[in-house]
Each structure stands twice: as C-alpha cells, then as structure tokens.
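Notes follow once the structure below has been shown.
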Protein chains: 2
Amino acid sequence: MKKTAPAPVNSRNSTALRTPAEPATPTALLLRGNLFAEKCPSRQILTHVTSRWGVLILVALLDGTHRFSELRRRIGGVSERMLSQTLQWLEADGFVTRTAYPVVPPRVEYSLTPLGREVSEQVRQLTDWIEENLGRIGAGQPADGAE
Amino acid sequence: MKKTAPAPVNSRNSTALRTPAEPATPTALLLRGNLFAEKCPSRQILTHVTSRWGVLILVALLDGTHRFSELRRRIGGVSERMLSQTLQWLEADGFVTRTAYPVVPPRVEYSLTPLGREVSEQVRQLTDWIEENLGRIGAGQPADGAE
DNA sequence: CGGGATCCGTTACGATACTG
DNA sequence: CAGTATCGTAACGGATCCCG
C-alpha cells in the first residue's frame, strides 16, 4: 500500500536564527527575572513576540492552521521576507510549528504549539483591549495628515 | 503670596508625531475592528505599545512616576533618542503624561494616565507570562553562540 | 546639570526577482 | 506556492551641541 498523504516535514534544518538588534554589551548580567536587563533572555523572546508582525501572526494563528500565503494575505502590509523571518523566530522559540508537505505545488502550514497558544492568548488580550478602547485613545493626537 | 511650587507644564506644543513606518497604501479602508487591516488605527497604537521600548516604558511606569534619567537608567540599552521618541508617541496616544517643572536643573516626570495604566496592565500580563515560562521556551532552539 | 534636537554611521526593513 | 537573495530606503543608535 502506498502512502496517500506525503510525509510532512516539521521544521527545517534548524538554521541558527538571531534577533536583529541587541548589539551585545559588556556587562553580561543575566537577571533572569528582570525584563529590564539588556541581556535577559526574556527580552529576546519579548522582541520576537511583540515585533511588528509577530503580534499579528500569533493572533492570526489563534483560529487554527494557516498556510504561508493565507497569512500573507490576511496580514496587511507584511512582506514575504518579514513574514518568513518572523515565522522562523517564532518557530525557534517554540511558539509555532512549521509543517512542510513535500508536494507540488509546495504546501507549508503553520500552527501554534500549546506554548504558542498561551502567548497568543496574552497577546490577544492586549490587541482586544486596544480595539475596544480605540475611541478613548489619542485624545489630543495631532491626527497626522501633514508632514 | 508667591508660588512655592513652580507651575508644571504638561505636554509640549503638540508637535506632530508620526510613526516611523506605515508608508501609506492606496486602499484606505479603515476597518476599525480589524487589526489586520494595514490602515487600521489600532495598528498604529499597537505599533507604539509593542515597540521595542514602548513595552518596557509602560511596564516601568506601572510603579509610579519616573524621571527621564530614571527610565533611562532602568531600561537597559535604550538610547536617549529612542526613549524620548517613544515617550512622545505614548504621550500623543494619551497613555503617558509628561510634566515638566520649570526649575533648574530641569525636572521632567513621566507617569501613566488612567488609560495608560490599563494598557500597561495588559502588557504586563504578557511580560509576566514570558518571564514565568522562560524555562519552557526555546525547546530545540540552536542556542545561537557563534555566527 | 538634565533633556532633547541634530548629524551621521549602522542596520533592519520593504519591493522585486529568482529558485525549488 | 513557498521561500531566499539582492538592493535601495529609512529607521535606529551614538555622540554632540544647545537650551532651560
């Protein structure tokens, strides 16, 4: 009997991923619980999760598995480059699962891990708050129209 | 009777502040409730709140008023420029109150507005989650040591 | 002396084109 | 369809100067 479904490949060859900034400073004090410490691992994670597209990706994946192009279409304004990059960060952090089906045309699906679902819930609470309180925000904001 | 305390000046002259990116796209569909729409106001706010330093500033201000230099010292790695810039965003959004005392040496204090306190609480829940679950994060991460 | 506006180098970002 | 490579642009980060 032959395989009807191609064996999906999870993750890629674990290419070492680094966060963009964080230029490394002398004092390497790892204050684990201190978010404000520059070298704290939590800062790294926070950078990924709260990155411009990370937030939207996590929230988007809350309603289930999505393909690359679906995410791209859904998240307005994201470039392929950044979508790919951010997904790799989140995958390396253990928040997102990447499943590639070796078919043609290629099919890659992204979904949240149990851990990822937890963060996403937290992120979602934040975004929900913002959307619900939009009317109260920006009192006195110059409404950027002119440069 | 003369004033014992100098009159503090709240906010500056409302210099028009714009977010860095968001290059303006053709379709100006304002889907108010849709975070994924590029032009949605909530995206603007989200960008400020989840910006690299915005998160840390909001959390830092949760325990009360802080001076500029205090924030700078507390938030490891932030430059004066970015701290100032981010504070201006948050002020324009109505999250942060800037109070400048016309004394010498100058004294400027930043604190959360009631609205700002609400977002900060949301942000805090996220950062707390990250710190508490650090041990579970990064399973399989290549532990980037060399480049 | 504290804060932020300016100049300049570095780096991430966004768009396009190309590969599997 | 799902990315990676390359390049131009613009934001970021640091140092300095200026103002109060």
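Order of the sequence lines sets the chain letters (A, B, ...), proteins ahead of strands, with each chain counted from 1.
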Task: salt_bridge(A:Asp63, A:Arg74) N-O dist < 4.0 Å - done: yes
- [ ] May I have the distance from B:Leu87 (atom CG) to C:dG4 (atom P), rounded to whole angstrom?
- [x] 8 Å
TODO: Taking only the side-chain nitrogens and oxygens of A:Tyr110, find out if one of them lies under 4.0 Å from OP1 or OP2 of D:dG3.
DONE: yes
TODO: Tell me whether the OP1 or OP2 atom of C:dG3 has a side-chain N or O from B:Ser69 closer than 4.0 Å.
DONE: yes
Open item on the list: Please classify the nucleic acid contact of A:Arg72 as base, sugar-phosphate, or nothing, using heavy-atom distances under 4.0 Å.
Closed with: nothing
- [ ] For B:Val78 and for A:Glu70, locate the closest nucleotide of DNA chain D by heavy-atom distance; then report the residue assigned to the nucleotide nearer the 5' terminus.
- [x] A:Glu70
- [ ] Please check the phosphate of D:dG13 (OP1 and OP2 only) for any side-chain N or O of B:Trp53 closer than 4.0 Å.
- [x] yes
Task: Shortest non-hydrogen contact between B:Ile75 and B:Val78, atoms and distance - done: O-CG1, 3.2 Å
- [ ] Figure out the CZ/C1' separation between B:Arg52 and C:dT11, and round it to whole Å.
- [x] 11 Å
TODO: Among the candidates D:dA2, D:dG13, D:dT4, find the nucleotide nearest to the side-chain atoms of A:Ser84.
DONE: D:dT4
Task: Bend angle of the helix from C:dC1-D:dG20 to C:dG20-D:dC1, from helix axes over five pairs at each end, nearest 10° - done: 40°
TODO: Round to the nearest Å and state the distance from B:Gln85 atom CD to C:dG4 atom C1'.
DONE: 11 Å
Open item on the list: What is the distance, to the nearest angstrom, from the OH atom on A:Tyr101 to the C1' atom on C:dG20?
Closed with: 19 Å
TODO: Calculate the interatomic distance between A:Arg98 atom CZ and D:dA2 atom P; express it in whole Å.
DONE: 10 Å
Task: Closest contact, heavy atoms only, B:Ser42 versus B:Leu35 - done: OG-CD1, 3.5 Å
Open item on the list: So, OP1 or OP2 of D:dT4: does either fall under 4.0 Å of a side-chain N or O from A:Gln88?
Closed with: yes
Task: Expected output: side-chain A:Arg43 to main-chain A:Phe36 donor-acceptor under 3.5 Å - done: yes
Considering only nitrogen or oxygen atoms on both sides, find all protein atoms under 3.5 Å from nucleotides 6-10 of chain C and state each distance.
unit_1	atom_1	unit_2	atom_2	d
C:dC7	N4	B:Arg81	NE	3.4

TODO: Return the nearest nucleotide to the side chain of A:Arg67; candidates are D:dC1, C:dG3, D:dC12.
DONE: D:dC1
- [ ] Give a yes or no on whether the backbone of A:Pro102 and the side-chain of A:Arg107 come within a donor-acceptor separation of less than 3.5 Å.
- [x] no
TODO: State whether the side chain of B:Gln122 and the backbone N or O of B:Val119 hold a donor-acceptor pair below 3.5 Å, judged by distance alone.
DONE: no
Open item on the list: From C-beta outward on A:Phe68, which listed nucleotide comes closest to its side chain: D:dG3, C:dG2, D:dG14?
Closed with: D:dG3
Open item on the list: Just the rounded figure in Å: distance from P of D:dC1 to CG of A:Leu71.
Closed with: 14 Å
- [ ] Mind telling me whether B:Phe95 and A:Trp129 have parallel, tilted or perpendicular rings, with 30° and 60° as the class edges?
- [x] tilted
Task: Distance, rounded to the nearest Å, where A:Met82 contributes CE and D:dG3 contributes P - done: 14 Å
Task: Rounded distance in Å - CG (A:Leu83) to P (D:dT4) - done: 11 Å
TODO: Any chance you could measure A:Ser51, atom OG, to A:Leu90, atom CG, to the nearest 0.5 Å?
DONE: 6.5 Å
Open item on the list: I need the single residue from A:Val49, A:Val59, A:Leu112, A:Val96 that forms a side-chain contact (heavy atoms from CB on, under 4.5 Å) with A:Ser120. Which is it?
Closed with: A:Leu112
Task: Any side-chain donor near an acceptor of the partner, B:Gln88 and B:Ser84, under 3.5 Å - done: yes
Task: Nearest-nucleotide pick for B:Pro106, side chain only, options being C:dA17, D:dG13, D:dG20 - done: D:dG20
Open item on the list: Here's a test of your reading of the structure: between A:Pro105 and A:Glu80, which maps to the more 5' nucleotide of DNA chain C?
Closed with: A:Glu80
TODO: Answer with base, sugar-phosphate or nothing: what part of the nucleic acid does A:Val108 contact at a heavy-atom distance below 4.0 Å?
DONE: sugar-phosphate
